[in-house]
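Scroll down for the structure; my scribbles are underneath it.
First the proteins, then the strands, lettered A, B, ... as listed; each starts at 1.
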Amino acid sequence: MRVVRLLRLRAALTLLGEVPRRPASRGVPGSRRTQKGSGARWEKEKHEDGVKWRQLEHKGPYFAPPYEPLPDGVRFFYEGRPVRLSVAAEEVATFYGRMLDHEYTTKEVFRKNFFNDWRKEMAVEEREVIKSLDKCDFTEIHRYFVDKAAARKVLSREEKQKLKEEAEKLQQEFGYCILDGHQEKIGNFKIEPPGLFRGRGDHPKMGMLKRRITPEDVVINCSRDSKIPEPPAGHQWKEVRSDNTVTWLAAWTESVQNSIKYIMLNPCSKLKGETAWQKFETARRLRGFVDEIRSQYRADWKSREMKTRQRAVALYFIDKLALRAGNEKEDGEAADTVGCCSLRVEHVQLHPEADGCQHVVEFDFLGKDCIRYYNRVPVEKPVYKNLQLFMENKDPRDDLFDRLTTTSLNKHLQELMDGLTAKVFRTYNASITLQEQLRALTRAEDSIAAKILSYNRANRVVAILCNHQRATPSTFEKSMQNLQTKIQAKKEQVAEARAELRRARAEHKAQGDGKSRRCKRFRVPVEKIYSKTQRERFAWALAMAGEDFEF
DNA sequence: AAATATACTTAGAATGCTTAGG
DNA sequence: CCTAAGCATTCTAAGTATATTT
C-alpha cells in the first residue's frame, strides 16, 4: 500500500517514536532544535529569495550505452521471410520485440503509434517492404531478450558481484554532486534510455518512440567557476548555463510529449529535505486557519455570485474528500483524467436518497494515473442544491465548475493563508487523519507488534482517503490468478493462521520483556517502521520531532 | 485572460533484493 | 539449500503550481 511517505513519517513520529538524538545531517549543527515552532536548524544557511545554491558542481548525466546490434542468429521476419534490418530500424524493432508479452502490444493505439514511428526510422527500401505490423514477426527477437534475462538470473555469485561493483562505480562517478561545499546524492543521474512510450490508461501517445538522447540535447546547469562536466568524447552539450534559482543539474526535452526532463537531487539531500519540511510546515499552519476557511466556504455556498459558489463547493470537496486540484489538460495529448476543478457533469450523479442517507453525491471518474475514483458521499444540503444548479442545462461532457480554474482557486486560497494551495489540503488531511487514527487505535500498553499493526491500519485509512491503489491486474495475469484461486485461498488461510500465531508469540514475548513493557504510550523503535533509505530521506523530520511533537 | 513554458512533487509500474518457508 | 513472496528501490509518467508570453 502506498501512502504519502512524508506525512506518514511526520505524523507517525509524533506518536510512535523513540526518536534518536542525533544531528539531522551534515551541515546541520549538532544541537537538537526545539520541539515546536520554527525549524531553525533546517532554515540555517538560507539563501536570499529564489536562490537555491551558491556552488554546484557535477559530472553531468550518464548516457544510455549505445545500441548493440542483434547477433546474426536472431532474425526478424516479414510475411514469413527473414528481413535484415538496418541498425536504426532494428533498434526500434527490439523495443517492440522485447515487449511482446506485455499487454501494451495488444492495444491498437500502441501498435499504430509504434508502427508509425518505426517506419520513420526505416530506410526507404525497408519502408517499401514493411507495410503492415500484422505481417511482422518479432518472436526471435523476443526470445532473445527472454533468454538474456534468464541468463542474467543464473550468473554465478562472482559474476553478479562484478555487475554490482560496476553499478557501484557508476554511482560513485556520476551519482553525486557538490552543492555549497557538501557532497549530495543525485536522484536520477541516468538519462532515460530510448524505448516505446508507456502512457497510462488510454493514452493517445502510447507506443510512440522515445528518442535516444544525446549530449547535444542536454542543457547543463552548474556554477560558472566549477569544473564543467565533460561531454562524452566527440560530443557537445546543447548549452551550459549557470542558473542558481533552480535546483536541476541537467535537462533535456523528451520527444513524445515535448516536456522537459530534469536531473535533480535525491530526496535525502538537504535541498529536498528542506522543501519537504517546508511543505509540512505549511500544512501544519493550515491547522490554525482551517476552521475559519471552512466557515468561509460554507457561507460562500449562498453567495450571489455563481463563481464564488462553485469555488466554495469545489473547495469543500478538496477539503472533505482530499481530491486533487484538477488542472486543465490539452485533449489528445494525454489520457482523459480529471481532478476537482476539471470534473465534468458526467462524473457526478445526484441521489436525493441513497444508502439510507439524504443528498448523496456519487463520484465516478478517472484521476491521476487513470486510477478510478468511485465514492458515494452524503453532502450537506446546500452543496447538493448547488450541484443541481451547476448541472442544470448542461451536457454530460460540460464542466461541472465552468466558472472555476485551479489558478483562480489557488489565487483565492493564497489570500486566505500565505502559501496555501489546493494540494496543501491533501497533505493536511492525510496527516491529521493518520494522527487521529493512531490515537484511536493504539494504547500505551500495546506490544510493539500490536502498535505496528495499528500503524499499518492507520495508514490504510489514509490510503483510502487519498485513493491510493494499484491498477487491477491485466487479463493475462487475471486468468493466471483464476487458475490459482483455490490454491491461493488455502495458502492464505494457512498464512493467516501462521501470522496469528506469530503475532501471539511476539506479543507474549514483548509482554514478558521488561524493557518493552516500560515503553511509553506510542514508543516504537523507528527502525521498525522505516527503512534506512526512508530514515535518510526524512532525516529532517527525525531531527525535529520531539517526544511531544504533534502535527 | 488565455496559452504556453518551466520547475518541481507525487505515484504507480517495473525491477531488484531479501527472507521466510518448503 | 532453493524458491517465491514480499518488500525496497528505481524509473519515469502524470500531476500541481506559477511565471512568462501572447
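No contact: A:Gly339 has no heavy atom under 4.0 Å from any strand. Within 4.0 Å of A:Lys205, counting heavy atoms only, lies no atom of the nucleic acid at all. Using a 4.0 Å heavy-atom distance criterion, A:Thr247 is classed as a sugar-phosphate-only contact. Among the atoms of the strands shown, none is found under 4.0 Å from any heavy atom of A:Ala334. Contact annotation for A:Lys52: backbone-only contact, meaning every heavy-atom pair under 4.0 Å involves sugar-phosphate atoms and none involves a base. Across all strands, A:Glu254 comes closer than 4.0 Å to no nucleic acid atom at all (heavy-atom distances).
As rounded to whole Å, 13 Å separates atom C1' of C:dT10 from atom NZ of A:Lys261. For the pair A:Asn258 CG and C:dA14 P, the interatomic distance rounds to 15 Å; values are reported in whole Å. For the pair A:Asp243 CG and B:dT6 P, the computed distance is 12 Å after rounding to whole Å. For the pair A:His203 NE2 and B:dG12 P, the interatomic distance rounds to 18 Å; values are reported in whole Å. Regarding A:His102, its NE2 atom lies at a distance of 10 Å from the P atom of B:dA13, rounded to whole Å. Between A:Leu196 atom CG and C:dC11 atom P there is a gap of 18 Å when expressed in whole angstrom units. If you measure from atom CG of A:Asp369 to atom P of B:dA13, you get 7 Å, rounded to the nearest angstrom. Rounded to a whole Å, the CD atom of A:Glu333 is 14 Å from the C1' atom of C:dA14.
Of the candidate nucleotides C:dT18, B:dG16, C:dT12, C:dT12 has the atom nearest to the side chain of A:Pro193. When each of C:dT18, B:dA14, C:dA17 is scored by its nearest atom to the side-chain atoms of A:Ala422, the top-ranked nucleotide is C:dA17. In this structure, the nucleotide among C:dT16, C:dA14, B:dA7 sitting nearest to the side chain of A:Arg324 is C:dT16. Comparing B:dC8, C:dA17, B:dT9 by their closest approach to the side chain of A:Trp248 singles out B:dC8. Which of C:dT18, B:dG12, B:dG16 sits closest to the side chain of A:Ile371 comes down to B:dG12. Taking every side-chain heavy atom of A:Arg200 into account, C:dA14 is the closest of C:dA14, C:dA17, B:dA14. Listed nucleotides C:dA13, B:dA7, C:dA17 differ in distance to A:Thr421; the shortest reach to its side chain belongs to C:dA17. Nearest nucleotide to the side chain of A:Glu192, out of C:dA17, C:dA13, B:dC8: C:dA13.
The side chain of A:Asn188 contributes no N or O atom lying less than 4.0 Å from OP1 or OP2 of C:dC11. Residue A:Arg426 places no side-chain N or O under 4.0 Å from the OP1 or OP2 atom of B:dT9. Between A:Lys190 and C:dC11, a side-chain N or O to OP1/OP2 separation shorter than 4.0 Å is present. OP1 or OP2 of B:dT10 sits under 4.0 Å from a side-chain N or O of A:Lys423. Here A:Lys279 does not reach the OP1 or OP2 of B:dC8: none of its side-chain N or O atoms lies under 4.0 Å away. When the side-chain nitrogen and oxygen atoms of A:Lys329 are compared with OP1 and OP2 of C:dG15, one or more of them lie within a distance under 4.0 Å. Proximity of A:Gln257 to the phosphate of C:dA13: no side-chain N or O atom is located under 4.0 Å from OP1 or OP2. The side chain of A:Lys272 places no N or O atom within less than 4.0 Å of a non-bridging phosphate oxygen (OP1 or OP2) of B:dC8. One finds no side-chain N or O of A:Asn327 lying less than 4.0 angstrom from the OP1 or OP2 phosphate oxygen of C:dG15. Distances shown here put every side-chain N or O of A:Ser259 at or beyond 4.0 Å from the OP1 or OP2 atom of C:dA14.
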Dump the intermediate steps for salt bridge (charged side-chain N to carboxylate O under 4.0 Å, His left out) on A:Glu281 and A:Arg285, then the final yes or no. CA-CA 6 Å; A:Glu281 284 307 303; A:Arg285 230 161 6 95; over 6 Å; no

Would A:Tyr104 and A:Phe114 count as a ring pair (Phe, Tyr, Trp, His ring centres under 6.0 Å) here? Give the steps. CA-CA 11 Å; A:Tyr104 272 124; A:Phe114 157 70; over 10 Å; no

Given the rule in the side-chain contact (heavy atoms from CB on, under 4.5 Å) test, do A:Thr337 and A:Lys329 qualify, once you have shown the distances and angles that lead to the verdict? CA-CA 9 Å; A:Thr337 62; A:Lys329 28 203 285 198; 2.5 Å; yes

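Between the side chains of A:Asn410 and A:Thr421, not a single donor N or O lies within less than 3.5 Å of an accepting N or O.
No salt bridge links A:Glu305 with A:Arg309; every basic N to acidic carboxylate O contact stays at or beyond 4.0 Å.
Nearer the 5' end of DNA chain B, as judged by each residue's closest nucleotide, is the contact made by A:Thr245, out of A:Lys164 and A:Thr245. Both A:Glu330 and A:Arg241 lie near DNA chain B, and the one whose nearest nucleotide falls closer to the 5' end is A:Glu330.
Scanning atom types as modelled, one donor and one acceptor separated by under 3.5 angstrom connect the side chain of A:Lys368 and the base of B:dT10.
Using a 30° and 60° split on the angle between ring planes, A:Phe197 and A:His203 fall in the perpendicular class, above 60°. Ring geometry for A:Tyr316 versus A:Tyr297: interplanar angle over 60°, hence perpendicular rather than tilted (30 to 60°).
The main-chain N or O of A:Tyr144 is never found under 3.5 Å from a side-chain atom of A:Asp147 such that the two would form a donor-acceptor pair.
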